[in-house]
Amino acid sequence: MRHLTRIPCLGVLALLFSSTTALVHAGGHPAAQDAKASPGYRFQSGGWTYVHLEGSPSQIGYQHGRLLAPEIADIVDVLKLESEHATRRDWNFYRDVSREQLWPHIDGEYQQELQGIAKGVQSAGIKLDVWDIVALNGGIELPEYYVPWLNKKEHALNAPEIRPQGRCSAFIATGSYTKGSKIVIAHNNWSSYAEGARWTMIFDIHPAHGHHILMDGLPGVITSQDDFGVNDAGLLITETTITQFEGWDPHGKPEFVRSRKALQYAGSIDEYVAIIKDGNNGGYANDWLIGDRKTDEIAYLELGLKNTPLWRTKDGYFISSNFARDPELIKSETPEFDPANLSASENARRVTWEKKMADAKGQIDVTLAEQFLADHDDSYTGKVKASQRSLCGHVDTASEGTPEWDWGPYYPGGAVTGKVSDSDLAGSLSFIAHAGHPCGEDFLAAPFLAAHPEYSYLKLVLKNMPSGPWTKFTSGQKN
């Protein structure tokens, strides 16, 4: 039997955080016109940081690391604290696994980009290396999928209960359900507020090979990670996590590589599905919503490890809120998931989504999509109240928490951003995004921590999450 690695005490972590924070504050943000990051640039708008990157993989990586060095150091600190607290595995464990388990299965193109990010960060005086960057990119699939698999495999003593967090509410619609019969897509990212307050990057990526991409994302991560994006081939994509999924293939390719590659190289639904499935490792198992503005067709791929059913239509909708749909996948890959429990967040939101789609048939557009993402209907209680069951999630208000994701009572997590697009916006590589709760409510860290001292371990990383305006972003935008 294997004993779990002891993690650093809070005092040692505090020293690490204070050191990195000093670097962030001392260096400030690299200038938008930083010559060393050219032709990349950055600017702020609506609570988001827009980042333009272009060139070869190593050039894109270097620009990324150089322009976002302080933010990358900051989000690494967040993931260090969260992953060590949840899994009892220290950061060196994740660095080692990134080098030994993930790196051999990463395409050469993305190895170069990851190395470039590390070099860019280092050029700004921050001491992170490529294994920190790979661990950051694996920040969902390693602690939430690989570690439970490893604990079971090694019969680890005193292993904590680890369940993949539910992330996101989303829909995609087309045909008779939308105004003008064009595709409409919308997505709320759900995460911890510590992550969500930082999940506010807009990446405009013009690679030397493949399609031009516009996506949201985290600093230092090569894919969107909450996965909302469009490409110049006319694809619109998003996803939500499959609740209580179990599975990992140590010989597979990391999800962050497959999802980036699919958005960069796919020109059709079939190509996207083929790329995202190729080398599937089971990590970060999601329900994918995919649209093609060239054909007005939409699709729903439930990407398990053993089961990968695909549905598609040119007249209808697909909704997603962390529930598994396929009976065989539910039986064999989400054995603890109960689709009949309508008090659970993922099932309550499914009921709400179905009602929204039915009531709005023929009227759905981006304006209505924004309203959906801000919704506080609770289908289980029949009340209008921000909670773990509303499309705009506020688990910090919920005495029940979300036990199926290991989020305890009043956990500081929920909907942290919203994004919407349609066929017309995607045609100009554009979408509309909202930083913070889409309902407009701000999250304030100090009063929350005063009321909930059980989350004091997050004090070093939990910060205010202001709610910004809906803001349009377009590829090639300068300000």
Side-chain angles (χ1 to χ4, degrees), residues 16-17 20-21 23-32 34 36-37 40-53 59-83 91 94 98 110 113-140 142 167 189 191-205 213-229 256 259-260 416-417 419 433 435-436 460-465 468 473:
L16 294 173
F17 283 107
T20 301
T21 301
L23 281 169
V24 172
H25 290 166
H29 295 300
D34 186 343
K36 292 185 178 180
Y41 59 85
R42 60 175 281 174
F43 63 85
Q44 308 294 126
S45 181
W48 296 84
T49 300
Y50 183 105
V51 185
H52 173 81
L53 309 170
Q59 289 170 332
I60 285 173
Y62 184 86
Q63 293 162 29
H64 186 163
R66 176 76 185 180
L67 289 168
L68 294 178
E71 289 89 348
I72 292 171
D74 182 42
I75 191 62
V76 167
D77 282 344
V78 173
L79 292 189
K80 281 182 182 180
L81 190 151
E82 289 187 333
S83 61
W91 190 247
Y94 289 104
S98 295
Y110 301 114
E113 186 169 336
L114 293 162
Q115 290 168 328
I117 293 172
K119 290 178 181 177
V121 169
Q122 292 163 0
S123 77
I126 292 175
K127 294 182 179 180
L128 296 174
D129 64 18
V130 68
W131 309 124
D132 293 305
I133 302 304
V134 178
L136 168 61
N137 278 261
I140 293 177
L142 288 179
R167 295 175 183 268
N189 178 17
S191 76
S192 72
Y193 293 158
E195 294 174 26
R198 297 160 170 88
W199 212 315
T200 53
M201 305 293 116
I202 301 292
F203 289 105
D204 174 35
I205 304 177
I213 296 167
L214 188 72
M215 66 184 190
D216 76 326
L218 277 166
V221 179
I222 66 171
T223 191
S224 171
Q225 200 79 314
D226 72 330
D227 297 300
F228 188 92
F256 67 83
S259 58
R260 165 60 185 277
V416 297
T417 63
K419 288 84 57 184
L460 294 171
V461 299
L462 193 63
K463 64 180 184 177
N464 293 343
M465 188 176 70
F473 294 101

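In this text the structure is predicted, and so the values were computed from the model without any measurement.
Applying the side-chain contact (heavy atoms from CB on, under 4.5 Å) rule to Ser191 yields the partners Arg167, Asn189, Glu195, Trp199, Val416; only residues at least two apart in sequence or on another chain are considered. Residues satisfying the side-chain hydrogen bond (donor to acceptor under 3.5 Å, both in side chains) criterion with Thr223, sequence neighbours excluded, are Ser259. Not counting sequence neighbours, the partners of Tyr193 by the ring-ring contact (aromatic ring centres under 6.0 Å, His included) test are His437, Phe443. Not counting sequence neighbours, the partners of Gln59 by the side-chain hydrogen bond (donor to acceptor under 3.5 Å, both in side chains) test are Ser56. Here Ala435 pairs with Trp48, Thr200 under the side-chain contact (heavy atoms from CB on, under 4.5 Å) rule; sequence neighbours left out. In this structure Tyr62 satisfies the side-chain hydrogen bond (donor to acceptor under 3.5 Å, both in side chains) test together with Ser123, sequence neighbours excluded. For Gln63, there are no side-chain hydrogen bond (donor to acceptor under 3.5 Å, both in side chains) partners at least two apart in sequence or on another chain. A search for salt bridge (Lys or Arg N to Asp or Glu O under 4.0 Å) contacts involving Asp226 returns Lys419, not counting sequence neighbours. Applying the ring-ring contact (aromatic ring centres under 6.0 Å, His included) rule to Phe203 yields the partners His64; only residues at least two apart in sequence or on another chain are considered.
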| message | Between Lys127 and Asp132, does the side chain to side chain contact (heavy atoms under 4.5 Å, CB included) criterion hold? Intermediate values first, please. | response | CA-CA 10 Å; Lys127 294 182 179 180; Asp132 293 305; over 6 Å; no

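Open room surrounds NZ on Lys119; 12 or fewer heavy atoms of other groups in view lie less than 6.0 Å from it.
Between the side chains of Glu71 and Thr49, no donor-acceptor pair of N or O atoms lies under 3.5 Å.
A donor-acceptor pair under 3.5 Å is formed between the side chain of Gln122 and the backbone N or O of Leu128.
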